[in-house]
Asks: 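Quick one: the structure is below, and I'll ask about it shortly.
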Amino acid sequence: HGFISSKEFRLISQAKEAVELGFDSDESTLAIYPFEFSFKARYELSDNGIECKETVTNKGNDVMPFMFGWHPGFALPTKNGEKIGSYEIFFDDGLDKVVWIPLQHGAFARVHGVDYALTNGAYPLNEEEIYKNDTMIFKGCPCSATLRAPSYPYSLSLKWSQNTPCLCIWKWPSSEAKYICIEPWHGCAAVDDEDGAFESKRHCMILAPNEVKNLSYTVT
C-alpha cells in the first residue's frame, strides 16, 4: 500500500547475500505527499532466513508525518493434510489476550480496541474470521511470533522492531489461497473520529527535519 510501493528504486550496494536499495522524494511524490525524504531498504540472507532493514530520513525543513508497515506473505504447506486452520501464530505461553482493533465501514479502525482472547498464547488461523473482518489488527503482543502447525515439522520465527506495534493478519478471501500474511505495521487505518488531516492522524510517526527512523523485520 502507499505510493512508494510502485516506485523504481536505485541500487545502492550489492553483495553475494545482501542488497541495499534507495528511493528519494521527487516531483511525482511531492505532488501527492509534500515532504522531502530519503528511503533505504536493505535485505540480507542468512543460512536460514532473511533480515529486512528500512531507514526513513526527513530531508526537508518541516516536520514529516508518515506511516510504515510490511506486507509479507508465507506459504502454508498442506501436503501432510494440514488445513489453514491447523496453523497458529504463537506469541507466548504467558500471553492470554491481545487488543483487537476492528475495522468499520470497510476502512476505518475503531478508536478503542477490544480484548481478544488467545488460545494458549496463540492465535489459531481462522479463515472465516479474517475474511469477515478484512484484516485482523492486533496490538499489545510481543514483537515476535512463530507460525507453526502441530503436524508440520517446520516453523517460521518472526521478529520486528519495537516501533511497529501493530500486527496485521490477512489473506485473500479464498480457501484456494494457501498462504497467510503476517504484517508488522507502525499504524493502521484511519480511526473513525479523525478530522481527515493526515498530519493529525493518531498512528503517524513524526520525524523532525534531518531525523532518521530505523525499522527492521527478520524471518528465520
Side-chain angles (χ1 to χ4, degrees), residues 1-15 17-46 49-74 101 103 106-109 111 134-135 137-139 141-145 158-170 181-219:
H1 305 288
F3 62 83
I4 203 169
S5 64
S6 63
K7 297 299 182 180
E8 183 174 348
F9 284 54
R10 71 182 185 279
L11 178 65
I12 297 175
S13 64
Q14 184 176 2
E17 296 174 341
V19 65
E20 186 172 22
L21 307 170
F23 178 81
D24 296 327
S25 53
D26 57 21
E27 290 184 1
S28 68
T29 66
L30 290 170
I32 57 174
Y33 176 70
F35 302 96
E36 296 183 19
F37 66 90
S38 173
F39 182 83
K40 294 180 181 179
R42 176 180 171 82
Y43 303 95
E44 184 169 0
L45 297 175
S46 63
I50 185 170
E51 182 175 27
C52 311
K53 292 182 177 180
E54 274 68 31
T55 303
V56 183
T57 304
N58 182 356
K59 305 294 286 186
N61 297 318
D62 300 314
V63 169
M64 185 181 97
F66 76 100
M67 301 175 74
F68 182 85
W70 291 273
H71 198 359
F74 302 97
I101 304 175
L103 294 178
F108 294 94
V111 177
D134 184 51
T135 304
I137 305 173
F138 292 145
K139 293 188 74 173
C141 51
C143 291
S144 61
L158 311 147
K159 294 182 180 181
W160 53 95
S161 50
Q162 295 282 341
N163 52 11
T164 46
C166 293
L167 186 67
C168 305
I169 301 167
W170 177 88
C181 289
I182 305 174
E183 311 175 9
W185 292 356
H186 169 262
C188 59
V191 296
D192 54 11
D193 69 343
E194 282 179 2
D195 60 12
F198 185 72
E199 290 85 349
S200 63
K201 282 181 66 65
R202 289 182 173 86
H203 305 294
C204 279
M205 288 186 183
I206 302 296
L207 280 186
N210 298 313
E211 186 177 359
V212 178
K213 187 71 69 175
N214 296 303
L215 308 105
S216 62
Y217 180 48
T218 302
V219 181

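Numbering of residues begins at 1 and proceeds along the displayed sequence.
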Asks: Could you give the distance from CG (Asn163) to CH2 (Trp185), rounded to the nearest 0.5 Å?
Replies: 16.0 Å
Asks: Do Lys40 and Glu20 come close enough that some side-chain heavy atom pair is under 4.5 Å?
Replies: yes
Asks: The criterion is ring pair (Phe, Tyr, Trp, His ring centres under 6.0 Å); which residues satisfy it with Phe23, sequence neighbours excluded?
Replies: Phe9
Asks: Below 4.5 Å, heavy atoms only, C-beta onward: do Phe66 and Phe39 meet side chain to side chain?
Replies: no
Asks: Any donor and acceptor pair, going by atom type alone, linking the side chain of Asn58 with main-chain N or O of Asp62 inside 3.5 Å?
Replies: yes
Asks: Measuring from atom OG of Ser161 to atom OH of Tyr217, what distance do you get when rounded to the nearest 0.5 angstrom?
Replies: 11.0 Å
Asks: Can you check whether Phe68 reaches Ile4 side chain to side chain, under 4.5 Å on heavy atoms?
Replies: no
Asks: Provide the closest heavy-atom pair for Glu36 versus Ser25 in the form atom of the first, atom of the second, distance.
Replies: CA-OG, 3.3 Å
Asks: May I have the list of side-chain donor-acceptor pairs in residues 204-216 shorter than 3.5 Å, sequence neighbours left out?
Replies:
unit_1	atom_1	unit_2	atom_2	d
Glu211	OE1	Ala208	N	2.8
Asn214	OD1	Thr55	OG1	3.1

Asks: Within this structure, what is the CD-CG distance for the pair Glu8 and Leu21, rounded to the nearest 0.5 Å?
Replies: 10.5 Å
Asks: If you draw a 6.0 Å radius around CG in Asn61, do more than 12 non-hydrogen atoms from other residues or ligands fall strictly inside?
Replies: no
Asks: Is there a side-chain contact between Glu183 and Trp160, using heavy atoms and a 4.5 Å cut-off?
Replies: no
Asks: What is the minimum heavy-atom distance between Ser5 and Gly2, and which atoms define it?
Replies: OG-O, 2.9 Å
Asks: Test of understanding: with ring pair (Phe, Tyr, Trp, His ring centres under 6.0 Å), list the residues that count as partners of Phe74, not counting sequence neighbours.
Replies: none
Asks: Determine, using ring centers only, whether Phe35 and Tyr33 are less than 6.0 Å apart.
Replies: yes
Asks: Give, for atom CD of Glu51 and atom NZ of Lys53, the distance between the pair rounded to the nearest 0.5 Å.
Replies: 4.0 Å
Asks: Looking at CD1 of Ile169 and OG1 of Thr135, how far apart are the two atoms once the value is rounded to the nearest 0.5 Å?
Replies: 10.0 Å
Asks: Please identify each residue that fulfils side-chain hydrogen bond (donor to acceptor under 3.5 Å, both in side chains) with Lys59, with sequence neighbours left out.
Replies: none
Asks: Any side-chain donor-acceptor pair under 3.5 Å between Lys7 and Ser28?
Replies: yes
Asks: State, with a plain yes or no, whether a side-chain heavy atom of Glu54 is found less than 4.5 Å away from one of Cys52.
Replies: yes
Asks: Nearest 0.5 Å, what's the CD-CD1 distance between Glu17 and Ile50?
Replies: 11.0 Å
Asks: Go through the structure and list residues passing ring pair (Phe, Tyr, Trp, His ring centres under 6.0 Å) with Trp170, not counting sequence neighbours.
Replies: His71
Asks: Going by salt bridge (Lys or Arg N to Asp or Glu O under 4.0 Å), name the residues that satisfy it together with Asp24, two or more places apart in sequence or in a different chain.
Replies: Arg10
